[in-house]
Amino acid sequence: MSFTDRDLFLAVDIQNDFLPGGALAVPRGDEVVPLINALAERFPHCGLTQDWHVGGHMSFASSHRGRAPFETVDLPYGTQVLWPDHCIQGTPGAAFAAQLEVHQAQLIVRKGYRGEIDSYSAFCEADGRTPTGLAGYMRERGFTRLYLAGLATDFCVAYSAVDARKAGFEVIVIEDACRAIDTGGSLASAWKRMTDAGVIRTTSDRLRAR
Ligand code: VGL
Ligand code: ZN
C-alpha cells in the first residue's frame with residue numbers, strides 16, 4: 001500500500017532557530033532532517049510549516065519585563081510559555097534548514113505572525129478560534145489524512161495533531177521523525193492529549209514496511 005491523493009505529509013518547523021545552534025534549539029532536532037527528506041519523497045503531496053513571528057512577539061520573554069525564557073505568563077487567551085526570540089520573519093533563523101530537501105512541497109503554512117497571539121498549531125492560533133486556513137485547504141484538495149513530523153513534538157507537532165483531529169482528519173504522527181523541547185513535563189502531557197484525541201503514533205520504519 002502506498003500513499004494516495006488523500007494523504008498529506010506536513011513537515012513542521014524545520015527552521016534554523018529550532019536546530020542545534022539556533023535561538024530555540026530543540027535537542028537533536030537536526031536528526032529528523034534526513035528522515036523527513038526521505039519520507040517526503042514517498043508522499044505525492046507534501047507541505048511545510050514555518051514559525052513566522054514579528055519582532056517583539058508576545059511569546060518572547062524579551063517582551064515581558066523581568067521575565068526569562070521557559071517561564072509562563074497569563075495572556076488573554078491563556079497560559080503562554082515564554083521563549084527566547086526566535087523565527088523572526090525574514091531572519092536567517094526563520095529560514096528552512098539548509099539540509100531540508102522538500103522542494104516539491106506544495107504548500108507552506110506560516111503561523112504566529114500576529115504580534116499579540118502565539119500559534120503552535122498549523123490549524124488554529126492559541127486563542128483556539130483564529131484559523132490559519134489549513135483545514136479549508138485540506139478539504140478543498142480532498143486530503144483526509146495528515147502525516148506529521150518535525151519540531152517540536154510537544155508544541156507545534158502536538159497542537160497541530162490535536163487540531164487536525166478536531167477538524168475531522170485522520171492524523172498520524174511519525175514519532176522518530178520528531179524531537180521535543182520537553183519543558184515542565186510538556187512531552188508527556190502532549191502525548192496524552194494526542195492519544196486522547198485519537199492521534200495515531202507510528203515510526204518511519206513501520207511506514208517503510210507498507
Ligand atoms: C515552537 C515554541 C515556540 C515549535 C514554536 O515549533 O514547536 N515551539 N514556537
Ligand atoms: Zn514560535
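Bear in mind that the values here come from a model prediction, so they are computed numbers and not experimental data. Counting starts at 1 for both ligands and their atoms, following the listed order.
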* Structure fact -> Which of His45, Arg141, Met138, Arg145 passes side-chain contact (heavy atoms from CB on, under 4.5 Å) with Arg6? It is Arg145
* Trace of the side-chain hydrogen bond (donor to acceptor under 3.5 Å, both in side chains) decision for Thr203 with Asp176 -> CA-CA 6 Å; Thr203 64; Asp176 58 318; 4.8 Å; no
* Scan for salt bridge (Lys or Arg N to Asp or Glu O under 4.0 Å) pairs involving residues 70-90, sequence neighbours excluded, and state none if there are none. => Arg67-Glu71
* **Phe3 ring center within less than 6.0 Å of Tyr147 ring center** => yes
* Within a radius of less than 6.0 Å around CD of Glu41, do more than 12 heavy atoms belonging to other residues, nucleotides or ligands occur? -> no
* Yes or no on salt bridge (charged side-chain N to carboxylate O under 4.0 Å, His left out) for Asp196 and Arg193, after CA distance, side-chain angles and deciding distance? -> CA-CA 5 Å; Asp196 290 350; Arg193 280 182 282 113; over 6 Å; no
* Structure fact -> The residue among Gln89, Lys111, His57 that forms side-chain hydrogen bond (donor to acceptor under 3.5 Å, both in side chains) with Asp51 is Lys111
* **Residues which pass salt bridge (charged side-chain N to carboxylate O under 4.0 Å, His left out) with Arg28, listed by chain and number, not counting sequence neighbours** => Glu31
* **Within the 4.0 Å heavy-atom sphere of ligand 1, strictly under, residues** => Asp13, Phe18, Leu24, Asp51, Trp83, His86, Tyr120, Leu151, Ala152, Phe155, Cys156, Ile181
* To do: May I ask you to list the protein N, O or S atoms found at less than 2.8 Å from the Zn ion (ligand 2)?
  => Asp51 OD2, His53 NE2, His86 NE2
* Which atom pair, heavy atoms only, marks the closest approach of Val81 to Tyr120? -> CB-OH, 4.0 Å
